[in-house]
Chemist: 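What follows is a structure written as structure tokens; I'll ask about it next.
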Amino acid sequence: MKGYRITKVVGITAGFATILVAIGFGVLALLAEGLSKSWGSNQKPDEHTPSYMIIFLLILLLGVVTSIRTFCLRNKMWRFLYTSFSVVMGMGFVSMFFATFGALGTKGELLLLSVGVVYLFLGYLTYKRY
């Protein structure tokens, strides 16, 4: 598996960056819930607690899957699924960058864009077997 050395490094990096995005999302969601409780807004924050926790756990799981599955590229089917997964994740992060343009701040948006570009690059590396 010497041919996938660059792919493994980029895959672990993309997985780590996705985990960072998930942690950032979780912190922002908890902060928003705490502020809505302390300010006594009209929304009931308990209604939305499970939904953002599910999103947080899903993004965290996708980051872990990205890191672990780089070691299963020997199989042709796993390689195809991992390439498709990487391209879909990359397109998702880049589209989220454009959807949240101006809402998350410069650092958050650049993190989304960079993670999306790294996923697209990972899909290319897996496809070309680097």
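Values below: all heavy atoms of this structure, side chains included; hydrogens, waters and symmetry mates excluded. The chain is numbered in sequence order, starting from 1. Quick caveat: nothing in here was measured; it's all calculated off a predicted structure.
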Chemist: Side chains of T66 and F85: does their closest heavy-atom pair fall under 4.5 Å?
Modeler: yes

Chemist: Could you tell me whether F121 atom CZ has more than 12 heavy atoms of other residues or ligands within 6.0 Å of it?
Modeler: no

Chemist: Just verifying a value: how many Å separate M91 CE and M96 CE, rounded to the nearest 0.5 Å?
Modeler: 14.5 Å

Chemist: Roughly how far, to the nearest 0.5 Å, is the CG atom of L61 from the CD1 atom of I19?
Modeler: 10.0 Å

Chemist: Measure across G15 and S67 and return the closest heavy-atom pair with its distance rounded to 0.1 Å.
Modeler: CA-OG, 3.4 Å

Chemist: Does one hydrophobic cluster hold both V88 and Y82, with members joined at side-chain heavy-atom distances below 4.5 Å?
Modeler: no

Chemist: Rounded at 0.5 Å granularity, tell me how far CZ in F25 sits from CG in L60.
Modeler: 12.0 Å

Chemist: Measuring from I12:CD1 to I68:CD1, what's the distance to the nearest 0.5 Å?
Modeler: 10.0 Å

Chemist: Verify the cluster assignment for F16 and V9: are they in a single hydrophobic cluster under the rule of side-chain heavy atoms below 4.5 Å apart?
Modeler: no

Chemist: Do Y127 and S86 have side-chain atoms, one donor and one acceptor, less than 3.5 Å apart?
Modeler: no

Chemist: Pick one: which of T70, V118, T126 meets side-chain contact (heavy atoms from CB on, under 4.5 Å) with V10?
Modeler: V118

Chemist: In the single-linkage hydrophobic clustering (I, L, V, M, F, W, Y; side-chain heavy atoms under 4.5 Å), do I55 and L28 co-cluster?
Modeler: no

Chemist: A14 and L122: which non-hydrogen atoms are nearest, and at how many Å?
Modeler: CB-CD2, 4.4 Å

Chemist: In terms of ring plane angle, is the pair F93 and Y119 parallel, tilted or perpendicular, where the classes change at 30° and 60°?
Modeler: parallel

Chemist: Please answer: with hydrophobic residues joined when any side-chain heavy atoms are less than 4.5 Å apart, are V64 and L57 in the same cluster?
Modeler: yes

Chemist: Is there a path of hydrophobic side-chain contacts, each under 4.5 Å between heavy atoms, that joins I6 and Y124?
Modeler: yes

Chemist: What is the distance from atom CH2 of W78 to atom OG1 of T83, rounded to the nearest 0.5 Å?
Modeler: 12.5 Å

Chemist: With distance as the sole test, does Y4 use its side chain to make a donor-acceptor pair with the main-chain N or O of L125 at under 3.5 Å?
Modeler: no

Chemist: Which atom names give the shortest non-hydrogen contact between R74 and R79, and what distance separates them?
Modeler: O-NH1, 3.7 Å

Chemist: Once rounded to the nearest 0.5 Å, what's the spacing between atom OG1 of T7 and atom CZ of F71?
Modeler: 11.5 Å

Chemist: Kindly give the heavy-atom pair with the smallest separation between L120 and V87, and that separation in Å.
Modeler: CD2-O, 3.8 Å

